[in-house]
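Please read all numbers here as calculations on a predicted model, not as lab measurements.
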Amino acid sequence: MGASLTVADSKRAFHTAFPHVIAPLYRRLVDELLVELHLLSHQRGFQADGLFAVGLTQVFDSFSNGYRPEQQREPLFAALCSATCFDGAQLRSRAADAVTQVGHHSLEEVKGWLSNQGSGAPAPIAGLLKGVQRPDFHYSRLVAVGLLSLLQRAQGAEALEPQALRSAAREIGEAMGLIKDRVDKDLSLYATNIEKMSQAVELMEETVAAERRRRERAAEATTTTTTSSTTTP
């Protein structure tokens, strides 16, 4: 996966693939994901499996909510992936496959699969869970987010509070062999940052709307003044 590439190389590749201005609100997301993906691509035990794909797409989609122009969101994702030697379209496909499989089953079924390393699960889910058992498995926060995301897509999950789902993800992660404290920290930070980002997007949209209304009022005032001037004897 581009073992000889440096972070600077990945950044240059990204800006070549995505030569657009990125709003300040989203620059941190881009920088952090770019560096994270670059580092993961150099980890010997890392595999871009379904659990990683679900986590990555969830993180990107959540934190890029409100990105404008909207039509540049997917090219942005594709550029982040290609610059770090990943295939964005392939990761989207893997994530969608896993989410679709989970969506056909109850939360209790999904929790059972996850806790038992995929036993009884559909092939795509069983495959991605077996990967966690590899001796050289490399953990990342995207795995934790992927685990939580799969729980959220199960039937009946919408009836639970977000905190309850995060607690379930932590317990299941421990049963899978993940370090509970690490999963706990990553999911708590993810939830906190999502809330902050949502507030920031809301503030940005309110600011843009207020500026638009100000310009409209100014334009109306100018039109009224011009009309008055031309009609005055």
Side-chain angles (χ1 to χ4, degrees), residues 7-8 10-38 53-84 86-89 91-93 95-96 99-100 103 141-142 145-146 148-149 152-153 157-163 165-166 186-233:
V7 172
S10 292
K11 288 185 175 182
R12 280 192 292 270
F14 167 75
H15 289 296
T16 298
F18 191 80
H20 305 287
V21 176
I22 299 173
L25 181 60
Y26 300 97
R27 287 176 192 162
R28 182 177 177 182
L29 161 71
V30 171
D31 286 343
E32 289 186 354
L33 272 182
L34 188 61
V35 172
E36 184 171 9
L37 291 176
H38 172 87
V54 172
L56 173 61
T57 54
Q58 177 66 28
V59 165
F60 177 83
D61 292 345
S62 297
F63 285 98
S64 66
N65 182 40
Y67 190 92
R68 297 292 182 273
E70 171 67 26
Q71 61 268 27
Q72 286 184 4
R73 278 182 80 188
E74 202 54 33
L76 174 59
F77 178 76
L80 282 168
C81 293
S82 65
T84 49
F86 292 103
D87 186 326
L91 291 175
R92 281 284 185 196
S93 178
V99 167
T100 298
R141 65 169 181 135
L142 297 175
V145 175
L148 175 63
S149 298
Q152 291 172 330
R153 305 305 175 86
E158 67 280 356
L160 294 182
E161 292 293 328
Q163 181 58 48
L165 278 174
R166 288 199 297 273
D186 287 339
L187 291 183
S188 295
L189 186 60
Y190 169 70
T192 298
N193 287 340
I194 283 291
E195 183 177 357
K196 289 181 179 178
M197 190 66 174
S198 296
Q199 293 171 349
V201 169
E202 184 178 353
L203 178 60
M204 179 187 69
E205 292 177 342
E206 290 175 354
T207 301
V208 170
E211 177 61 20
R212 183 171 59 250
R213 290 193 296 269
R214 187 193 67 76
R215 290 198 302 268
E216 290 173 349
R217 288 195 296 269
E220 290 173 359
T222 300
T223 300
T224 300
T225 300
T226 301
T227 302
S228 298
S229 298
T230 57
T231 57
T232 300

Inset, instruction - Could you tell me whether the side chains of Ser198 and Glu202 share a donor-acceptor contact shorter than 3.5 Å? - result: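 Distance-only check fails for Ser198 and Glu202.
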
Inset, instruction - State, without any angle test, whether Arg153 and Gln58 hold a side-chain donor-acceptor pair at a distance under 3.5 Å. - result: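 Judged by distance alone, the side chains do pair up.
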
Of all the heavy-atom pairs spanning [X] and [Y], show the shortest one and how long it is.
X     : Y      : answer
Ile22 : Arg27  : O-NE, 2.8 Å
Ala79 : Ala17  : CB-CB, 3.8 Å
Leu34 : Thr84  : O-CG2, 3.6 Å
Val54 : Gly146 : CG1-O, 3.7 Å
Leu56 : Cys81  : CD2-SG, 4.3 Å
Ser10 : His38  : OG-ND1, 2.8 Å

Legend entry - Residues in ring pair (Phe, Tyr, Trp, His ring centres under 6.0 Å) contact with Phe18, at least two apart in sequence or another chain: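 Counting only residues at least two positions away or on another chain, Phe18 forms a ring pair (Phe, Tyr, Trp, His ring centres under 6.0 Å) with Phe14, His20.
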
Say you draw a straight line from [atom1] of [X] to [atom2] of [Y]; how long is it, rounded to the nearest 0.5 Å?
X      : Y      : atom1 : atom2 : value
Leu142 : Thr57  : CG    : OG1   : 9.5 Å
Asn65  : Leu29  : CG    : CG    : 11.5 Å
Leu80  : Leu33  : CG    : CG    : 6.0 Å
Phe77  : Phe60  : CZ    : CZ    : 7.0 Å
Gln163 : Arg166 : CD    : CZ    : 4.5 Å
Tyr26  : Arg68  : OH    : CZ    : 7.0 Å

Inset, instruction - Would you indicate whether Gln71, at its atom CD, is surrounded by more than 12 heavy atoms from other residues, nucleotides or ligands within a distance under 6.0 Å? - result: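 Counting other residues, nucleotides and ligands, CD of Gln71 exceeds 12 neighbours.
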
Legend entry - With Arg73 via salt bridge (Lys or Arg N to Asp or Glu O under 4.0 Å) - residues at least two apart: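 Once residues adjacent in sequence are excluded, the partners of Arg73 under the salt bridge (Lys or Arg N to Asp or Glu O under 4.0 Å) criterion are Glu70.
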
Inset, instruction - Before accepting this row, confirm whether a basic side-chain N of the pair Arg92/Asp61 lies closer than 4.0 Å to the acidic partner's carboxylate O. - result: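 Salt bridge: yes.
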
Inset, instruction - Test Asp186 against Val145 for side-chain contact (heavy atoms from CB on, under 4.5 Å), laying out the working first. - result: CA-CA 8 Å; Asp186 287 339; Val145 175; over 6 Å; no

Inset, instruction - May I ask you to establish whether Arg141 and Tyr190 are in a cation-pi arrangement, using a distance under 6.0 Å from NZ or CZ to the six-membered ring centre and at most 45° from the ring axis? - result: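 Judged by the rule, Arg141 and Tyr190 form no cation-pi pair.
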
Legend entry - side chain to side chain contact (heavy atoms under 4.5 Å, CB included) partners of Asn193, counting only residues at least two apart: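 Scan of Asn193 (side chain to side chain contact (heavy atoms under 4.5 Å, CB included), adjacent residues dropped) gives Phe63, Leu189, Lys196.
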
Inset, instruction - Quick one: do Leu148 and Gln152 satisfy side-chain contact (heavy atoms from CB on, under 4.5 Å)? Show the steps, please. - result: CA-CA 6 Å; Leu148 175 63; Gln152 291 172 330; 3.9 Å; yes

